[in-house]
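Here's the structure we're looking at; comments come further down.
It should be emphasised that the depicted structure is a prediction, and the values quoted were computed from it without experimental measurement. So that the names make sense, note that chain A is the first sequence line, chain B the second, and so on, each numbered from 1.
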Protein chains: 2
Amino acid sequence: MFKRAKQSRVFQDVVDQIQEAILTKKLAPGTRLPAERDLKEMFNTSRGTLREALRVLEQKGLIEIKLGVSGGAIVKQIDTDPLMESLALLIQSGEVSLEHLSEFRIKIEGSLVELATERATPKDIEELERMQARARHCYDIQDWESFLKTDEAMHTYIGTMTRNPVFQFVQKSIHDNIHRYYQDFLPMNRERTLENLQDFDKIIAAMKAKDGVAASATITDHVQRFHDKMTGKRP
Amino acid sequence: MFKRAKQSRVFQDVVDQIQEAILTKKLAPGTRLPAERDLKEMFNTSRGTLREALRVLEQKGLIEIKLGVSGGAIVKQIDTDPLMESLALLIQSGEVSLEHLSEFRIKIEGSLVELATERATPKDIEELERMQARARHCYDIQDWESFLKTDEAMHTYIGTMTRNPVFQFVQKSIHDNIHRYYQDFLPMNRERTLENLQDFDKIIAAMKAKDGVAASATITDHVQRFHDKMTGKRP
DNA sequence: CGAATCAAATGGTTTAACCATTAAGGCCCA
DNA sequence: TGGGCCTTAATGGTTAAACCATTTGATTCG
């Protein structure tokens with residue numbers, strides 16, 4: 001019925017006030033907050049307490065703190081970085097395994113590609129083709145590391161094509177985390193790389209034809225193959 | 001090519017050391033860290049700086065701080081709460097709208113229910129039926145608020161049935177955030193509530209029959225209807 | 001004009017003290 | 001004996017004042 005009455009922590013009140021001002025756009029991104037020695041007066045608190053509040057806001061990704069004269073706390077444009085950091089913590093702690101992530105990816109990436117196909121602009125297709133050309137070049141000179149980077153960039157770009165920040169975050173966090181631990185268990189080789197290239201050829205062709213179902217099917221198969229290799233299954 | 005050399009901030013070093021110890025399980029959940037006045041000696045720093053570090057770790061969800069004698073910093077079991085908080089910030093700031101979230105939900109919740117159906121135990125089904133009975137009771141006495149709570153609990157429970165923490169987080173965060181802003185635009189009424197009940201009857205029946213496809217189809221339709229109402233479309 | 005130097009603003013750190021909360025033990029009195 | 005009250009000590013929360021380190025811009029000098 002009742003929640004524990006919150007123990008009053010001064011710094012928490014400061015955090016709440018500044019956060020409220022940022023979320024309601026009373027403080028726009030780019031705005032510079034007053035200096036610590038001024039803020040401390042405004043909130044009628046001490047500098048130590050005020051700094052604890054700023055530390056929390058910084059950790060939440062709401063402000064950024066710069067050094068030197070004309071430095072100080074600057075209101076940031078909110079982004080998904082704190083979300084990504086939290087997810088990385090969950091993975092590093094073992095609460096979430098790469099198998100969990102990969103299973104999720106199998107279920108979601110098809111829908112994501114389908115949505116991206118619906119909303120793809122000619123510019124998007126051009127951009128993907130540029131990236132695919134770069135990937136092919138990496139394959140030719142057998143630069144696997146750059147190939148992986150390009151591959152990740154293509155997946156992430158398809159996420160942005162959905163024009164939905166939720167899909168964008170999901171796609172970015174999946175690939176960011178999968179690739180971060182990639183080489184631990186999945187060495188790159190010529191054969192797998194070629195498969196990747198061919199899959200993306202198919203996907204781009206399907207996107208051009210506005211065939212979301214085909215694009216979806218191709219990527220789902222692509223992802224399933226990755227998952228099977230990772231979990232040690234062999235066809 | 002190069003990243004800016006990190007400006008040395010003492011508190012950051014303290015954060016990194018403690019975080020490392022927690023993630024590598026050198027400090028197990030439940031462990032109590034030494035008192036601030038002792039930690040400050042160990043890290044050879046001041047109490048203010050040390051407290052900034054503790055504040056960051058608390059914000060990350062890695063420790064919890066209790067007051068009084070035998071209080072102090074206690075290592076927490078990592079969970080998805082910080083992730084949820086970050087997402088809530090994105091939504092409150094308007095970076096992510098409820099339409100975005102709802103569109104995502106349409107694509108994912110079918111797969112999620114399918115997976116839950118595959119992995120459902122008899123106990124899971126029993127639990128769902130208990131919840132459904134409670135929802136029906138709320139409907140009978142026209143207690144819409146409790147009905148919504150039960151509805152959310154059922155969706156969240158289906159998330160746990162996947163046995164995959166990624167799906168669990170996704171499901172929890174979607175419904176947590178959708179319901180938080182629910183009444184702003186979607187007033188509950190007798191008709192919609194009855195639809196909800198009937199949908200869940202179908203889903204539970206499909207789960208009993210291990211018919212993942214039917215369960216998936218039902219929930220997707222359910223979610224799509226919700227989305228259409230929210231975005232103002234009428235069939 | 002350009003480079004070196006200096007000065008001021010600002011965040012980062014340290015120290016020392018005091019306040020507030022909590023748990024535990026002891027004391028008093030019925 | 002038992003229950004309630006008080007004291008005490010440990011611990012986080014807060015304050016204050018000073019100094020250090022970094023950055024920027026103005027000033028000075030060759």
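Note on ring orientation: taking the six-membered ring where Trp is involved, the planes of H155(A) and F200(A) are perpendicular (angle over 60°, cut-offs 30° and 60°).
Applying side-chain contact (heavy atoms from CB on, under 4.5 Å) to L33(A) and the options D38(A), I18(A), I74(A) leaves one that passes, I18(A).
When rounded to the nearest whole Å, the span between CD of E36(B) and C1' of dT21(C) equals 14 Å. The CD1 atom of I63(A) sits 16 Å away from the P atom of dT10(C) (whole-angstrom rounding). Taking atom CG of residue L67(A) and atom P of nucleotide dT22(D), one finds them 8 Å apart after rounding to whole Å. Rounded to whole angstrom, the span from the CD1 atom of I65(B) across to the P atom of dT21(C) amounts to 17 Å. Atom CG of D13(A) and atom C1' of dG13(D) are 14 Å apart (whole Å). The interatomic distance linking K66(B) (NZ) with dA20(C) (C1') rounds to 18 Å, in whole Å. Rounded to a whole Å, the CZ atom of R37(A) is 15 Å from the C1' atom of dT15(D).
Of all non-hydrogen atoms in P34(B) and M42(B), the two that sit nearest each other are CG-CE, 3.4 Å. Shown here for A73(A) and I63(A), the closest heavy-atom pair between the two residues is CB-CD1, 4.0 Å.
The listed nucleotides are dG13(D), dA8(C), dT15(D); the one nearest the side chain of R9(A) is dG13(D). Residue R32(B) has its side chain nearest to dT11(D) when only dG11(C), dT11(D), dG13(D) are considered.
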Handout entry: R55(B) vs E58(B), salt bridge (Lys or Arg N to Asp or Glu O under 4.0 Å): CA-CA, chis, key distance, verdict
Key = CA-CA 5 Å; R55(B) 207 88 299 138; E58(B) 184 185 41; 3.3 Å; yes
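Residues F43(A) and V10(A) are not in side-chain contact: their nearest non-hydrogen atoms beyond the backbone lie 4.5 Å or more apart.
Taking the charged nitrogens against the carboxylate oxygens, R130(A) and E127(A) do have a contact shorter than 4.0 Å, which makes a salt bridge. Comment: K25(A) does not engage E20(A) in a salt bridge, judged by the lack of any side-chain N to carboxylate O separation of less than 4.0 angstrom.
Ring centers of F167(A) and F104(B): under 6.0 Å apart, within the cut-off.
For the contact set between residues 50-59 of chain B and DNA chain C, defined by any heavy atom under 4.0 Å, there are no members. Across residues 38-48 of chain B, T45(B), S46(B), R47(B) each have a non-hydrogen atom less than 4.0 Å from an atom of DNA chain C (numbered order).
Map S70(A) and G68(B) each onto its nearest nucleotide of DNA chain C; the residue landing nearer the 5' end is S70(A).
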